[in-house]
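Structure record follows, encoded as structure tokens.
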Number of protein chains: 2
Amino acid sequence: MEKKETVTQEIIEAARQLFSRYGFRKTTMEDIARVTRKGKSSLYYYFKNKEEVFRAVIIHEASILRKALKDATTGISDPAKKLEKYVMVRMHTMKELINYYEAVEHEHDSHYSFIDQLRDQFDQDEAEAIRHILDEGVAQGKFQPLDTELAANTLVIAMKGLEFPLVWKGSTENLDKRIHKIMKILFYGLLKR
Amino acid sequence: MEKKETVTQEIIEAARQLFSRYGFRKTTMEDIARVTRKGKSSLYYYFKNKEEVFRAVIIHEASILRKALKDATTGISDPAKKLEKYVMVRMHTMKELINYYEAVEHEHDSHYSFIDQLRDQFDQDEAEAIRHILDEGVAQGKFQPLDTELAANTLVIAMKGLEFPLVWKGSTENLDKRIHKIMKILFYGLLKR
DNA sequence: AGAATATTTTAACAAAATAGTCGAAAAAAC
DNA sequence: GTTTTTTCGACTATTTTGTTAAAATATTCT
């Protein structure tokens, strides 16, 4: 009945911890089983395979991120501030997810195309969310009239560009400064006046 | 010549990072090789096996800890403050070494007796260092006369007792409070007056 | 109760990963 | 140019790991 759903969630939570700490490769089904206090085989009653567990975790995390972004920006009316807040939260949250990244980026060669699929989906959603903010800005006469779809895509690419150094050095101050700098450049080209 | 020593140190440093992040089990020789930009086989020119690398790392860390303790306490003349500082630094540094712990504690059953050896040696050194501080306190008339050897051993055991909850929750504030509390209790039973 | 269904465990196995070996090539020292 | 030191790739043996199927156990329903 609902038991299955509960256990599924427990497994996802356990897997989330492990994946985020050790990455996909170094996390074994046995690790997950141990944390959930189950036999390794029992996991296969809830998930078809390891990849499915990973997919579930990623989707779960993505929804968390989406909610965080929504919560952080809903109160803000000024589009510029909203955009900056969005980028800020997005980058900081993404900082927690580096290990998934690493797990994914490195063995990108082989058969992990489902990740690319998820990523593309997420990028698309993100571009749309940003475009919405940009449209708002244009409608309010705060932003210059522009191709918001193109601009949104550009911003997504820029954020992805910022992610890579994030993997290397975990210094939060530098990240904030970098974000601020880029946002400022962006705004001075974007804002009317 | 000295090249060998240099490379050995580089390997130890790389292994240190990896072991502390992933633990003994999840760190592979290939991981270490990758970080040091060497072929996996090359490592065996410097170390007999994985266990040897681990041993070298542990020994290195132990010496670091010893130095940190010495540096932190040498300037302090008041034995009570010195003792508190010692415990504080020791616990906080130990916090970084949890992953070694995990790596060791879990597969304690099998052939890792060399760890116990190292641990015993370290405990002994520690007890001696603490006893020295206690002796000083007694000599200065700040501490009640007491069996300093017994007291030192007790303190070592107390610190080890504090380590376990440390594995569970990483909250630094709670740790500080707990340490403070214990130290206070200890001092009120220890200090003259 | 016992039948039907849901969940867990056991045992097994193939494929992948991993620790460790060896000899030969490269590089460095002499 | 010979010797010594260092690196590396190919190979092997062993262990780990993902996955499956069937048996065992627990839970729910009638």
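Just so it is clear: chains get the letters A, B, ... in the order the sequence lines come, proteins before strands, and each one is counted from 1.
No salt bridge links B/E128 with B/R131; every basic N to acidic carboxylate O contact stays at or beyond 4.0 Å. A salt bridge links B/E136 and B/K82; the closest N-O separation between the charged side-chain nitrogens and carboxylate oxygens is under 4.0 Å.
At a threshold of 4.0 angstrom between heavy atoms, the contacts of A/F47 with the nucleic acid are absent.
Rounded to 10°, the helix from C/dA1-D/dT30 to C/dC30-D/dG1 has 30° between the axis fitted to its first five pairs and the one fitted to its last five.
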- prompt: Where along nucleotides 12-23 of chain D does protein come under 4.0 Å, by heavy atom, of base (B) or sugar-phosphate alone (S), with - for untouched nucleotides?
  reply: ----SSBBB---
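Counting only heavy atoms from C-beta outward, the side chains of B/F54 and B/I58 approach each other to under 4.5 Å. Residues B/L43 and B/I11 have side chains in contact (heavy-atom distance under 4.5 Å, counting atoms from C-beta outward).
As a whole-Å value, the separation of B/K38 NZ from C/dA27 C1' is 13 Å. Put simply, CZ on B/R34 is 18 Å from P on D/dT7, counting in whole angstrom units. The interatomic distance linking A/R37 (CZ) with C/dT9 (C1') rounds to 18 Å, in whole Å. For B/D31 and C/dT18, the CG to P distance is 7 Å, given to the nearest whole Å.
Side chain of B/K50 to backbone of B/T27: a donor-acceptor contact under 3.5 angstrom is found. The backbone N or O of B/T28 sits less than 3.5 Å from a side-chain atom of B/D31, completing a donor-acceptor pair.
OP1 and OP2 of C/dT8 both lie 4.0 Å or more from every side-chain N or O belonging to A/Y45. Dashed line: the shortest gap from a side-chain N or O of B/S42 to OP1 or OP2 of D/dC8 is under 4.0 Å.
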Considering only distance and modelled atom types, tabulate donor-acceptor pairs under 3.5 Å from the side chains of residues 64-71 of chain A, sequence neighbours left out.
residue, atom, partner, partner atom, Å
A/R66, NH1, A/D125, OD2, 2.9
A/K67, NZ, A/D71, OD2, 3.0

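In this structure, A/K81 fails the cation-pi test against A/Y86, since its NZ or CZ atom is not both closer than 6.0 Å to the six-membered ring centre and inside 45 degrees of the ring normal.
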